[in-house]
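Hydrogens, waters and symmetry mates play no part in the numbers below; they use all other heavy atoms, side chains included.
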Amino acid sequence: MRFSEDFLSELRARVDIEELVGKYTEIKHRGSRTPVALCPFHTEKTPSFVIYRDTQSYYCFGCGMGGDAINFVRNIERIDYAEAVKLLCERTGMNMPSESVDDARITLRRRCYEANREAARFFYSCLSLPEAKPANDYIKKRGLAPETVRKFGLGFAPDRWDALLRHLRKKGFTDDELVSFDLARKTRKGSTIDAFRNRLMFPIIDLRGNVCAFGGRVLDDSKPKYLNSSDTPVFRKGQGIYALNFAKNRGDRKLILCEGYMDVIAMHQAGFTNAVAGLGTAFTPEQISLLSRYCDELYLSYDSDEAGRKATDRALKMLQNAPVKLRVLDYSGEGKDPDEVIKTHGAARMEKVISSADNDTEFALKRARAKYDISTDDGKLNYLNDAVEILANINNAMERDIYTSRISSELSVSPDAVKQQTAKARRRGVRREATAEFEEAAKAAAGADGKIKNPDRKTHLKAAKAEEFILAALINNPELLKKLSSKLSADLFITPYNRRFFEDISARIASGRSLDISAFGNDAENDDISYISYLFSLGKTVSENPKGCEQCIQTLLAEKERLSSPQTARGLSDADWLKAMEQKRKKQQ
């Protein structure tokens, strides 16, 4: 789907990028000119997401995501470009252009949503079939009320090879479509069968209310116990949170992260409507970022068995840098999971478990203490060694001092001794972090961190940086192209990635087309828009004087000569080559 530059310019003028971003993350003002924020696309504690009011764009120096309002909505809502345009039109009251033509990807996504919605209706209707007795017995056993079943759209997949297939074929869907939507599977012999059979079905609903996928639980002893949709045109299971479409509306910005579908449903039925769960995958940074958008305080509610404890440890490790307060629910002595606590003791007891939840530090100290017999000197020393490592990870000095006093009093140990050992542990941690940061910086300098998508940047770093300077100068000061026309051409560029951008930018300048970020949206891929935003941000430091570009041109000429020289094959370093080139230049003067 393509849009005119005039239309995109008007849409861009109606959307305040700062106001838009502010709906998803808290904006801080660095002075009065440049708003910054914690990036909503990755987990961080120090804001690296910068908003540029003059170009109505953004760029994150932490993860490399960037673009305009359209690209922001596209990435934050995980939708296509045209869908993002449509969403912004709805928000601003603009009409979509009547001459726009539906794009194949948009059609595929729409069809996928339609098929999922029809499948959810089919599964729900199948609960009334006689063969659904095992599913209904399970629902009754778990104590789910009819209104809860309706709210979450639970259903039943019949124990037949093609029950859903036959239904959806009648609705006009092809087998190929249903396979790509993961509602059907191809057998080794080439026939098509239902993806879900003889399972209690859980529709997965996205934040806009669309059925985007399914989870299915077996009703016998077959494996796997749970089967979840694979990735489809509308679903990435490492990026979604079950029941967040309900939980986000609660308003207190507190979420309870449970282990599975049934725990969440039981919690909601008992009145704890801020319960959510992952989608059968390892906890991912994308899920952390999504949770951080809708909560300030996150309660971990995993089962009390060994598997649940390991899941808690993994989640705490993943969440240690998340901008949320962490608490851990303790079910010891209460039950195995929230469903059991509610059934056995009632919602009031569950409320007590939640209100008495430990924060992450208290939880870690309690776990460490339980490992040892602190009535013995060895046990006390081992616990102290573990506790010191936990305290060393606390960045807030006052919080660290409170726990230091508590531990020293509990074990009759001098607070100074605890502080001294904690300081040593922190220094070790600082050294480890410094080493990690150095390695990360080295990767970034070599272009290996993946933030800038130029595949040749690592191999030709000096040339790539010079090319980036030139592109940033042109995109911010188009008149430089005319001033440098006798010296600058596409042939000068060493990396094909930057050469492609130069050809596009110079063609736009020559034809008088817009260089606004939005103007690139019709033709550019997601990563390309981020790179263009990077060039705009880089251009803030680029002078309108052509001398900077001329120096970069000389660098590219030198690099081209170096690459064509037989000396390169003998391993002459960049520094030695530049030194040789400078000596050659002086001789020629």
Side-chain angles (χ1 to χ4, degrees), residues 76-79 83 108-127 135 138-139 142 144 148-157 164 168 173 177-185 194-197 199-219 224-250 255-269 273-284 286-291 293-294 301:
I76 203 76
E77 299 291 350
R78 299 181 180 91
I79 56 181
E83 289 180 298
L108 186 66
R109 284 171 60 87
R110 191 190 72 244
R111 293 281 288 174
C112 188
Y113 280 129
E114 290 172 352
N116 285 339
R117 183 173 64 249
E118 195 58 50
R121 290 172 176 166
F122 174 78
F123 291 140
Y124 180 78
S125 70
C126 286
L127 280 174
Y138 182 81
I139 289 171
R142 299 302 294 255
L144 300 185
T148 301
V149 173
R150 284 195 299 272
K151 175 182 176 180
F152 286 91
L154 302 189
F156 172 66
L164 179 63
L168 292 180
F173 294 97
E177 283 182 315
L178 299 177
V179 169
S180 70
F181 302 158
D182 202 37
L183 293 171
R185 306 276 171 84
D194 286 356
F196 298 95
R197 300 181 304 281
R199 289 179 182 267
L200 179 67
M201 298 301 296
F202 301 83
I204 298 168
I205 302 172
D206 65 21
L207 294 175
R208 294 189 294 154
N210 297 308
V211 179
C212 59
F214 293 91
R217 188 194 190 282
V218 295
L219 297 166
K225 183 177 180 180
Y226 279 94
L227 180 65
N228 296 299
S229 294
S230 300
D231 289 352
T232 71
V234 300
F235 178 66
R236 297 290 183 273
K237 60 186 175 184
Q239 299 178 352
I241 297 291
Y242 182 67
L244 187 57
N245 58 305
F246 297 126
K248 69 183 178 65
N249 299 321
R250 174 150 157 160
L255 292 176
I256 302 172
L257 184 64
C258 299
E259 196 162 333
Y261 303 128
M262 289 306 304
D263 287 336
V264 170
I265 294 171
M267 291 281 277
H268 277 253
Q269 181 169 274
T273 56
N274 57 338
V276 297
L279 296 174
T281 61
F283 211 39
T284 66
E286 290 82 6
Q287 289 172 318
I288 294 172
S289 177
L290 184 59
L291 289 169
R293 282 165 49 192
Y294 294 99
S301 173

Next item on the list: Determine yes or no for a side-chain-to-main-chain donor-acceptor pair under 3.5 angstrom, with Arg109 supplying the side chain and Pro233 the backbone.
Entry: yes
Check: When you measure from the side chain of Asp182 to the backbone N and O of Ser230, does any donor-acceptor pair fall under 3.5 Å?
Finding: yes
Item checked: ring pair (Phe, Tyr, Trp, His ring centres under 6.0 Å) partners of Phe181, counting only residues at least two apart -> none
Next item on the list: Go through the steps for Tyr261 and Ile204 under the test side-chain contact (heavy atoms from CB on, under 4.5 Å), then give the verdict.
Entry: CA-CA 10 Å; Tyr261 303 128; Ile204 298 168; 3.8 Å; yes
Indicate the atoms forming the closest heavy-atom contact of [X] with [Y], along with that distance.
| X | Y | result |
| --- | --- | --- |
| Ala213 | Asn116 | N-ND2, 4.1 Å |
| Lys237 | Ser229 | CD-O, 3.8 Å |
| Val211 | Pro203 | CG1-CB, 4.2 Å |
| Ser301 | Ile256 | CB-CG2, 3.7 Å |
| Thr232 | Cys112 | OG1-SG, 4.1 Å |
| Ala277 | Val264 | CB-CG2, 3.5 Å |

Residue list, side chain to side chain contact (heavy atoms under 4.5 Å, CB included) with [X], at least two apart or on another chain:
| X | result |
| --- | --- |
| Ala135 | Leu127, Phe156, Leu200, Leu219 |
| Asp206 | Tyr113, Arg208, Asn210, Cys212 |
| Ala195 | Arg185 |
| Arg236 | Asp231, Gln239 |

Straight-line distance of [X] [atom1] to [Y] [atom2], nearest 0.5 Å:
| X | Y | atom1 | atom2 | answer |
| --- | --- | --- | --- | --- |
| Ile265 | Met267 | CD1 | CE | 12.5 Å |
| Arg217 | Leu227 | CZ | CG | 13.0 Å |
| Leu279 | Phe235 | CG | CZ | 5.0 Å |
| Met262 | Ile139 | CE | CD1 | 8.0 Å |
| Leu244 | Leu255 | CG | CG | 6.5 Å |

Next item on the list: For Lys151, enumerate each residue passing the side-chain hydrogen bond (donor to acceptor under 3.5 Å, both in side chains) test, keeping only those at least two apart in sequence or located in another chain.
Entry: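 Checked Lys151 against side-chain hydrogen bond (donor to acceptor under 3.5 Å, both in side chains); matches are His268.
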Notebook entry, point to check: Going through the distances and angles, do Tyr124 and Leu154 end up as a side-chain contact (heavy atoms from CB on, under 4.5 Å)?
Noted result: CA-CA 6 Å; Tyr124 180 78; Leu154 302 189; 5.9 Å; no
Next item on the list: Answer with yes or no after comparing the ring centroid distance for Phe214 and Phe123 against a 6.0 Å cut-off, counting only values under it.
Entry: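 Yes, close enough.
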Next item on the list: List the steps and the verdict of side chain to side chain donor-acceptor pair (under 3.5 Å) for Tyr294 and Asn274.
Entry: CA-CA 10 Å; Tyr294 294 99; Asn274 57 338; over 6 Å; no
Next item on the list: Would you sort out whether Leu291 and Ile241 count as a side-chain contact (heavy atoms from CB on, under 4.5 Å), showing the intermediate values?
Entry: CA-CA 8 Å; Leu291 289 169; Ile241 297 291; 4.2 Å; yes
